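Notes follow once the structure below has been shown.
Atom set for the values below is all heavy atoms of this structure, side chains included, hydrogens, waters and symmetry mates excluded. In this text, all values refer to a predicted model and were calculated from it rather than measured experimentally.
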Amino acid sequence: MCEKTNTYAHNGISKKGLIRFSLKTALLTGSIITSSAAFAQDDTTDVIQVTAPRMVLELNQVPASIAVLDKQEIEQLAPNKLSDLLRYEPGITVDRTGDRHGDANIIIRGIGGNRVLMVKDGVLMPEGFGSAGASQGRGNFDPFQLQQIEVLKGPASALYGSNALGGVVLIKSAEPETLVNSNGGAPYLSANAGYFGEDNRYRIGGTVAGEIGSSHAMIQVQHQQFEETDINSDFAPNPKDGNANNVLFKWQVKSGDNQTFNILADYFRQDSDIQLNTNIGPIAGPPGTSITSSEAEDKSENMRFALTHEIADLSFADKLQWQVSYQYSNYKQYELETTENPGSVFPPIPASEMLDEEREEFEQKQFGASFTLQKKFGDHNFLIGSDFTHRSVTRPVDRLQTDVIAGTSTDVINGFQYPGKTFPDAKVTQVGIFLQDYYDLLDNLHITAGIRYDYFKNKPEVDQQYQNFNIANAVPATYSDEAFSPHIGMVFDATDSLSLFANYATGFRSPPVAEQYISRSILIPVPGVPHEVIPNNDLSAETSDGFEVGLRLRNDVISAEIAAYHNNYDNFIDSQTIGFRNQPPIFVGPTAIRQIQYQNIEEVRIKGIEFSSKIFIDSVLPDGWSGSLNMAASFIDGKNKITDTGLNSVPPHSYVLGISLSPAEEWQFHWHLRGAGTADDAEPLTQQGQPLPAFEPPAYSVQDVSIRWALNENLNVMASVYNLTNKKYWGAHSKGSNAAGNLDASAAPGRSFAASVGVRF
């Protein structure tokens with residue numbers, strides 16, 4: 001085990017304090033549950049509907065934890081990016097692996113990356129790129145004008161197949177008919193603008209929707225400009241200048257009383273220019289050699305097209321729906337770096353100036369089709385469906401090194417011939433068939449049971465460019481397998497407003513092409529950086545078993561949920577250091593090349609308890625006031641059962657306490673206290689067999705405040721301050737980093753201001 005760092009004092013609430021806070025919160029809520037469950041009426045309570053079960057159900061009917069944010073809640077958050085959207089959700093974190101790629105991926109109960117399936121408007125979103133657990137490129141959408149987002153926590157392959165190992169994120173954009181109806185049937189026009197100080201981000205956009213005969217159409221446009229993200233320390237982040245643009249078009253056409261066609265076209269693009277100042281400085285090699293300049297250009301784009309057809313009230317089905325879709329996504333990065341040595345007379349070293357250009361892409365083309373059929377027979381509500389996905393992926397890399405003094409160039413660098421490919425071009429095919437039964441066993445006892453069969457295949461297409469990088473002379477082989485994913489759950493309605501639920505669910509993820517066949521070297525002569533990844537044809541699919549029990553209460557006084565879960569993951573895929581290789585004269589000693597391979601870990605276990613509640617406090621406020629008290633907490637523990645060590649992807653215990661007050665209909669005030677305990681179970685670190693101290697972020701508490709003013713029903717203004725007291729802290733993503741390094745580089749943002757305005761015409 002590595003040494004524990006004690007460099008930083010614990011700020012904010014301690015772990016014991018967090019536990020005491022959450023226990024008191026749970027006891028308080030429990031007393032309210034006891035008193036209100038028997039007496040409160042739920043006639044005035046809005047019904048929350050979700051689509052995560054792949055059919056429209058009330059949240060109370062679902063035997064699993066689902067976090068739901070509706071349109072009103074999203075507007076109150078005024079999100080510019082993924083992390084803004086999920087800022088206050090227990091058990092959910094958004095990873096940021098440096099500022100270059102922005103919000104990297106969603107982590108649900110300690111599981112993230114491509115182990116979390118993301119679906120937008122029924123279309124599978126592209127997979128992220130990068131190493132396991134650090135999948136950048138998953139925040140490539142604009143969250144500001146979403147209609148609803150649902151996060152299904154825990155394994156969900158019984159309905160969604162591969163990649164739903166840790167959960168599912170369902171993203172739903174606005175519907176044109178809904179917008180027009182909200183405006184009394186008249187054309188809907190709105191505009192928005194905003195500023196977010198954390199990365200000096202400006203946003204402007206608009207929506208137009210209207211009725212055309214028996215159809216409704218909508219177009220949304222959003223534009224953002226941003227810079228590097230603030231770091232609350234003396235560390236200077238790499239300067240960045242970027243912009244993002246999103247255009248969404250929807251057309252809903254009704255045919256008769258029971259048929260609807262939906263046409264979708266969605267385009268997102270983000271461009272960034274970055275000065276990589278953190279790369280500049282001396283490197284190993286001849287004395288005096290330094291990187292004197294380093295810059296990058298990153299471009300990502302995603303376009304989706306989909307046609308959906310819904311038919312209701314057929315003789316053999318209550319509802320039938322099918323969808324076909326096509327998606328293209330591409331991430332390109334260009335880096336330009338200059339390395340210089342002024343030379344010396346003694347020892348005799350000639351002056352040198354090398355210009356290094358590198359271009360890399362990660363391209364995915366995806367065709368998808370899905371089909372679902374619903375039919376109710378007595379107390380049984382059946383759902384039958386199938387999914388088909390075919391994806392082609394490629395990741396080419398090209399590089400050119402120019403000797404500026406000699407005027408010569410070469411594409412053979414560090415012994416590798418360019419262009420090359422990080423992994424061979426591959427075709428990925430997945431086919432799934434599923435059956436679910438939502439069964440009312442008794443008036444107050446509801447059973448959900450189902451099973452899904454999946455077949456998947458990875459077919460590599462080896463060419464010379466891949467062989468240029470294939471240092472291990474591996475022979476990539478076609479991989480195919482199948483999986484059965486059962487699921488069973490129960491909801492028991494103890495009263496009209498109180499219910500208990502229990503759930504057993506399974507998940508799996510087929511081995512990703514990028515981890516099976518990857519063969520890549522990153523040879524930057526900085527200690528701890530040079531590494532090469534070696535393919536592994538023997539990877540097996542990951543599987544999971546999840547158990548969950550919980551309690552829900554929802555009436556006109558309180559909305560609360562408590563859930564306990566225990567998830568086991570088998571054949572968990574993770575990158576492992578398998579050795580070091582010396583390559584004289586540069587890559588020796590501290591700069592020796594670390595050899596990495598993705599391997600299956602036999603068993604990983606993650607368990608925890610989550611709690612969330614919203615208590616309406618109008619009765620204790622002055623006349624004319626309304627308000628609510630919001631509380632949430634997450635306790636989580638994760639272990640690699642083979643090594644009995646923690647997991648860096650598992651965040652520390654966390655909590656949120658919030659108060660919302662409205663002294664008048666046009667005014668709203670929100671205060672949030674969010675914090676976390678100490679991340680005290682970081683994975684051990686070593687460098688060439690020598691232990692390094694692994695950073696375990698200390699506890700913290702951060703306050704956010706916001707005020708919203710609705711001048712009238714068509715115009716509102718919002719102002720917010722995040723990290724009000726300018727607290728210095730570290731997020732969960734920095735857990736496990738080298739504690740002996742510059743930790744200031746990974747500090748979270750300090751105090752920042754935000755403002756937004758929305759107008760409807």
Listing request: all salt bridge (Lys or Arg N to Asp or Glu O under 4.0 Å) pairs with a residue in residues 406-423, at least two apart in sequence or in separate chains. K421-D425, K421-D463
Thinking salt bridges, do R359 and D398 make one under a 4.0 Å N-O criterion? no
Derivation and outcome, ring pair (Phe, Tyr, Trp, His ring centres under 6.0 Å), residues Y418 and F469: CA-CA 8 Å; Y418 288 83; F469 281 9; 5.2 Å; yes
Kindly state each residue pair satisfying ring-ring contact (aromatic ring centres under 6.0 Å, His included) with at least one member in residues 220-240, sequence neighbours excluded. none
Return the set of residues passing side-chain hydrogen bond (donor to acceptor under 3.5 Å, both in side chains) with S392 (not counting sequence neighbours), or none when no residue passes. none
Please check if the side chain of N341 supplies one atom and the backbone of S290 the other of a donor-acceptor pair under 3.5 Å. no
Using a strict threshold of under 4.0 Å (side-chain N to carboxylate O), is an ion pair present between D298 and R100? yes
Using a strict threshold of under 4.0 Å (side-chain N to carboxylate O), is an ion pair present between K240 and E228? no
Lys/Arg N to Asp/Glu carboxylate O, E335 vs R399, below 4.0 Å: no
Salt bridge (charged side-chain N to carboxylate O under 4.0 Å, His left out) partners for R594, two or more places apart: none
Is there any salt bridge (Lys or Arg N to Asp or Glu O under 4.0 Å) pair reaching into residues 360-369, and which pairs are they, with sequence neighbours excluded? E360-R395, E360-R520
Can you name the residues that form a side-chain hydrogen bond (donor to acceptor under 3.5 Å, both in side chains) with E532, not counting sequence neighbours? R581, Q595
What residues form a ring-ring contact (aromatic ring centres under 6.0 Å, His included) with F423, not counting sequence neighbours? none
Relative to each other, are the rings of Y195 and Y202 parallel, tilted or perpendicular (30° and 60° limits)? tilted
Those residues at least two apart in sequence (or on a different chain) that pass salt bridge (charged side-chain N to carboxylate O under 4.0 Å, His left out) with R203 are none
Residue set satisfying ring-ring contact (aromatic ring centres under 6.0 Å, His included) with F587, at least two apart, ordered chain then number -> none
Set of residues satisfying side-chain hydrogen bond (donor to acceptor under 3.5 Å, both in side chains) with respect to R201, sequence neighbours excluded: D199, Q224
Taking ring-ring contact (aromatic ring centres under 6.0 Å, His included) as the definition, give me every residue that meets it alongside Y88, ordered by chain and number, with sequence neighbours left out. H672
For F416, which residues count as a ring-ring contact (aromatic ring centres under 6.0 Å, His included) partner, sequence neighbours excluded? none
